[in-house]
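Accompanying notes for the structure given below.
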Number of protein chains: 2
Amino acid sequence: MKKLFHKAQQKRVYQDVVNQIQEAILDGEIEAGSKLPAERSLCEMFQTSRGTLREALRILEQKSLIEIRLGTNGGAYVRDVNGELMAENLAMLIHSKAVSLAHLAEFREGVEATVGGLAAQRATSVDCEELHGLLARAERFRDGGLEQWDSFVRVDEQIHTAIARIAGNPLYSFILKSVHDNIHRYYDKFLFVGSQELEENYQDLAAIITAICDHDSAAAASLSKGHVHRFAVYMKEKLR
Amino acid sequence: MKKLFHKAQQKRVYQDVVNQIQEAILDGEIEAGSKLPAERSLCEMFQTSRGTLREALRILEQKSLIEIRLGTNGGAYVRDVNGELMAENLAMLIHSKAVSLAHLAEFREGVEATVGGLAAQRATSVDCEELHGLLARAERFRDGGLEQWDSFVRVDEQIHTAIARIAGNPLYSFILKSVHDNIHRYYDKFLFVGSQELEENYQDLAAIITAICDHDSAAAASLSKGHVHRFAVYMKEKLR
DNA sequence: TGACACTAATGGTTTAACCATTATAATGTT
DNA sequence: AACATTATAATGGTTAAACCATTAGTGTCA
């Protein structure tokens, strides 16, 4: 932090403050993890009152650009740019019933199919080693039976996350994370499957990973879609 | 508005206020378009100070749940639930260079392909009439030459929006709107094409609409993907 | 009838004080 | 020396009261 920030202007002063700080963060002038000056210092820099400045900080916090901590060493810490707003928006759409579980599941089918196909085109040998490593962990948890269902689900999600990363387009990663987060937020309580479904799930993952490592894009897309579709059908049955 | 809202509690008072109002909006207890009480009245309801209450309103405004107007008849008006947060998040990801133009274009390819395929499965005769009506308008603007390029682009976007609606999944509509908004926000200035590209664009749209109305899902998906891909190539050339 | 000014409701901003939380330093105890 | 306890100070959270700025509606006047 050097000589940045000029006196706040415009009609709504807090908006000007938001704009200045947001630009500085998005342009990389302030590192993620670093701390903004204390509220009372920022007030002097922007020549504004504390109330107005705090309204600006509330907005930046809601945008998930900063995180505000209490106590000594508290203050506004700059966060990494992330996709939390998407997840939050999705949560609101679901809460308000503008988007249903069926919509969410169908959307996920389409996206995971596309992502699976791209991953098959772009997977390197290193990527495939990682996928097979994750698959081996999933196999161990599968053999552990229903007691390790939670662990299996976690690995399942790690595999999907890894495939999205391998697809090479961060937008897919952000959006799939939003979808996964919301599935967990709203529907976790309904999810419980038997050992048969667990086995089927594992076989799905194994087939998808094989297709990706064979660079068989069409198969990877089709298998991914089927895998997600089966999952969606389970959810629907549980919710009925 | 009846007897809702109890005294604000918890560590961060403004967060409790946000939660109460947000729930009321998302649960439909407060209609979109209606006005919340004035700040000073809300302060009494929540038994909080005006500064704290205003921090809560700032958050709700940033979530695009309310819109605050000035002057007489001003105040916090409840908005329809929408996908603006997604668009804003996407804008920040692009601004911070976490997502590039190429990523955005590739993502759009995948989504528009999926949407085109779904629309072909679900289009009714009424939908097809609407699409052909839009196509006729596009044809008129095409014949108007480059002078009506702006109008042509608007109809083009209307067609894509209509196809997303016909696909029957609002999530696709929200996300495609976010993508379109950001393409316009960041790349409009680079976009200018000649009459040949305009003609090609029109032929693309005509072919897509034909496929949709023939319920030829695979063709609609493939043509949509090609259409978007061609657009993406143009953008890349302009940016070079 | 139209232009202008007044009025009142409402959000925007400022100031100054005090409360709550927490990392660190100072102190005491074993 | 090691550990538990307490005090300190930095920082965000909250309150109160006053005043400024914007704007729809109303009233006045030419």
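Here is how names work: the chains are called A, B, and so on, in the same order as the sequence lines, proteins then strands, and each is numbered from 1. Since the structure is predicted, the reported quantities are computational estimates derived from the model, not experimental observations.
- Atom OH of Y14(A) and atom C1' of dA21(D) are 14 Å apart (whole Å).
- Atom-to-atom, CZ of R12(B) to P of dT22(C) comes out at 11 Å; the value is rounded to the nearest Å.
- Residue R40(A) is the one, among R50(B) and R40(A), whose nearest nucleotide of DNA chain D lies closer to the 5' end (criterion: closest heavy atom).
- Under the salt bridge (charged side-chain N to carboxylate O under 4.0 Å, His left out) test applied with E61(B), the options R12(A), K63(A), R58(A) reduce to a single match, R12(A).
- For the pair T114(B) and E109(A), the minimum side-chain heavy-atom distance is 4.5 Å or more.
- Protein atom CD of Q47(B) is 16 Å distant from nucleotide atom C1' of dA16(D), rounded to whole Å.
- Within residues 51-59 of chain A, the residues that place at least one heavy atom under 4.0 Å from DNA chain C are, in residue-number order, T52(A).
- Note that R108(A) lies in the cation-pi zone of F231(A), set by a 6.0 Å cut-off to the ring centre and a 45° limit from the axis.
- A side-chain donor from one of H184(B) and E157(B) sits under 3.5 Å from a side-chain acceptor of the other.
- Side-chain atoms of S96(A) come within 3.5 Å of backbone N or O of M92(A) as a donor-acceptor pair.
- For the residue pair N19(A) / E23(A), no side-chain donor-acceptor distance below 3.5 Å is found, with atom types taken as modelled.
- Within the helix from dT1(C)-dA30(D) to dT30(C)-dA1(D), the inter-axis angle between the opening and closing five-pair segments is 0°, rounded to 10°.
- Between the CG atom of L60(B) and the C1' atom of dG11(C) there is a distance of 16 Å, given to the nearest Å.
- Counting heavy-atom neighbours within 6.0 Å of E31(B) CD, excluding the residue itself, gives a total of 12 or less.
- Remark: I68(A), R69(A), L70(A), G71(A), T72(A), G74(A) in residues 66-74 of chain A come within less than 4.0 Å of DNA chain D through at least one heavy atom.
- Here the side chains of H95(B) and V81(A) are not in contact, with every heavy-atom distance at 4.5 Å or above.
- Geometrically, R69(B) engages Y77(B) in a cation-pi contact defined by less than 6.0 Å to the ring centre and at most 45° from the axis.
- Here the side chain of H132(B) pairs a donor or acceptor atom with the backbone of C128(B) at under 3.5 angstrom.
- Side chains of D181(B) and S178(B): a donor-acceptor N/O pair is absent below 3.5 angstrom, by distance only.
- Straight-line distance from the CD atom of E39(A) to the C1' atom of dC18(C): 15 Å, rounded to whole Å.
- The distance between atom OH of Y77(B) and atom P of dT23(D), rounded to the nearest whole Å, is 13 Å.
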